[in-house]
Structure formats: structure tokens, C-alpha cells
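Working notes for the structure below.
Fair warning: this is a prediction, and the values are worked out from it, not measured in the lab. What's counted below: heavy atoms across the whole structure, side chains too, no hydrogens, waters or symmetry copies.
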Amino acid sequence: MDVDLRKVRYFVAVAEELHFGRAAERLHIAQPVLSRQIRALEEELRTQLFVRDRRSTELTAAGRQLLEDSRPILAAADALRRRVALAARGTSTFTIGFMPGITVTEPVRVLTDRHPGLEVELVRTTWDDQTQVLHDGRADVGIVRLPVDPRGLTVRPMFSEPRVAILPASHRLAGKESVDVADLADEHLLNDPDAVPEWRAVATELRTGGAARPRGFRSIEEKLEHVAAGLGIAIVPLSTSEYYTRPDVTHVPVGDLPPGQVALAWVASRRSRLIYEFAELVTA
């Protein structure tokens, strides 16, 4: 059975929104059309994907499985389209994703020296999309900060680096040569606590139930603004803290935090000579 990718895209929109009206608006189609397409997909798969009543829309077990499987399929389809479009342009392009604080100047220079006709493009990524840009074809390789979901990827370690606490310049711990996680127990962490389990284990606000809901930041600049305003602290890699310096915040090493790991990643099924060449340059 061939599954229509358009119907799968429609399904993912509904599964993510859990609301047919919002999904239809997101897809720029009429809601009755969307409902018919979902019913057609359920008939093709011979299974119910959603449970609907007047108040809510929920995924069935089959729907949850389809959502998990659909995302990489749609990302691969997007990547295919991008690579075909690049080939049609007749230019050779190599795109590198990189996380804030990481510089790729030297390996890019070497690569372009070796391949004078090559166009190298750089894409700054975030914690949320550092592997997504690989799966959907926006980047050929990505310099990522671990942990990442390794499914479908080849991941090669590059280096490790200390993690530091970003504090307001007026903070009681500012200027210390080093602190321990326990020294930060009374602070509000702007990171997702799951990303810093060592802090989570001692955090006062998590024990007392006074923790604010973790919020996502679209950039390191947003996080630094919150630190400077006295709204919390952040744990970041040393290179990030050194790259994004400003007078109203400071960083202090956290001695008992394990170092962060940086790696090169790419889609495992790719067999590009340039990918392997670049991997040798950055992991040598």
C-alpha cells in the first residue's frame, strides 16, 4: 500500500494541534476538506487514528505510532526536495549547521581551499532544531551539542568543554573561581531542569513546589536578557559564555558538573564524499 504524503502531512498537523480547526487554519485548507482527508487516511490504513467528541480530539495508540513514524518520513521527503532543487541549480553547495558558541572558520576555509567551486553555507541552530535541520535537508552536517536523539544519524565525537553558570554581575557568587551545584540550589534555573539533572537533584524550588514552568528560549540572547534582569541563572557551555559576553552578566565554572560534549552529526544514509571529508577535518 502506498501512503499519500499529503495525507500524512495533514495527519501530523492534526496530531500536533489536537484540534481540526486549528490544523486546517495552519494548513490553509477548509476544515471539511481536512476531515475528509483524515477519514480517507484511516480507511487506507484500516485503523482509527483519532478519538473525537465535542470537547476534545485525542490520538489512539495507532495514531501515536503513526505520528512517531511520520516525522522522519516527512523530514526525509523535505530533504529529498531540497537536494534535488540544489542539483537542478547546477551549483555545488555544502551546508553546515552549528550551535551558538561554536566556530567552524578553519575547517570551512580548508574545505573551500580544496574545492574552489564549492559554496559553503552556514546555519545557526538551537537545542530545538540542531538535528531537525539534518533530517529535513537544511544542513548536510551539524556540529551539535549532546545529548541528541541519535536515531537515523551518524554521530562522531569532537571535543568536550566545561559548563558554567551564567549569573547577573551583581550576584553573590559572581567573581568566584568555581562553585558547586549545591551552591546553586536556591536559584531559579532558566534551563529545562531535565537538561541539568545534577541541579534538579538539589533544587530548592523543585522540593517546595515553587518552580516556574520551564520556558523555551529562541536564542541565547533571550536567555542572557533574563539572567541580566535577575530572573534566574543559566547553565551553558564555556565557549557560549565566552562568545556572548556582556558587562551585566558573568560566568562561573561549576566544578562538579560533567563537561558538555560536542559532536559532528549527519543523516546515516547519506554517502556524500564531502560529508566524510569534512568529518575528517573536524574530528582529526
>> Are L74 and V8 packed together at the side-chain level, in the sense that at least one heavy-atom pair is separated by less than 4.5 angstrom?
In response: yes

May I have the list of side-chain donor-acceptor pairs in residues 101-108 shorter than 3.5 Å, sequence neighbours left out?
from: E106; atom 1: OE1; to: R109; atom 2: NH1; distance (Å): 2.8

Show me the donor-acceptor pairs within less than 3.5 Å that the side chains of residues 24-36 make with the rest of the protein, sequence neighbours left out.
from: R26; atom 1: NH1; to: E16; atom 2: OE1; distance (Å): 3.1
from: R26; atom 1: NH1; to: E17; atom 2: OE2; distance (Å): 3.2
from: R26; atom 1: NH2; to: E16; atom 2: OE1; distance (Å): 2.5
from: S35; atom 1: OG; to: Q31; atom 2: O; distance (Å): 3.2

> Would D78 and R9 pass as an ion pair if we require N to O under 4.0 Å?
Replying inline: yes

>> I'd like to check I166 versus I233 (side-chain heavy atoms, cut-off strictly below 4.5 Å). Are they in contact?
In response: no

>> So, using side-chain contact (heavy atoms from CB on, under 4.5 Å) as the criterion, who are the partners of R124 when residues are at least two apart?
In response: F98, P100, S219, I220, E221, Y244

>> With clusters defined by side-chain heavy atoms of hydrophobic residues (ILVMFWY) lying less than 4.5 Å apart, directly or transitively, does L224 cluster with V236?
In response: yes

> For R156 and E280, what are the C-alpha separation, side-chain angles and deciding distance, and is it a side chain to side chain contact (heavy atoms under 4.5 Å, CB included)?
Replying inline: CA-CA 10 Å; R156 286 194 185 178; E280 291 300 318; 3.3 Å; yes

> How would you list, by chain and number, every residue that makes a side-chain contact (heavy atoms from CB on, under 4.5 Å) with T154, sequence neighbours excluded?
Replying inline: W266, A268

>> For a 4.5 angstrom cut-off between non-hydrogen side-chain atoms, does R200 reach D194?
In response: yes

>> According to side-chain contact (heavy atoms from CB on, under 4.5 Å), who are the partners of K7, at least two apart in sequence or on a separate chain?
In response: D4, Q37, A40, L41, E44

> Is there a path from V141 to F159 through hydrophobic residues (I, L, V, M, F, W, Y) whose side chains come within less than 4.5 Å of each other?
Replying inline: yes

>> Any heavy-atom pair between the side chains of T250 and H171 that's under 4.5 Å?
In response: no

> Can you find a pair of side-chain heavy atoms, one from L49 and one from T47, that are under 4.5 Å apart?
Replying inline: yes

>> I'd like to check the side-chain contact (heavy atoms from CB on, under 4.5 Å) partners of V196; sequence neighbours left out, ordered by chain and number.
In response: L189, N191, E198, W199, I235, L257

>> Would you say Q48 and T60 are linked by a side-chain donor-acceptor pair, where the criterion is simply a distance under 3.5 Å?
In response: no

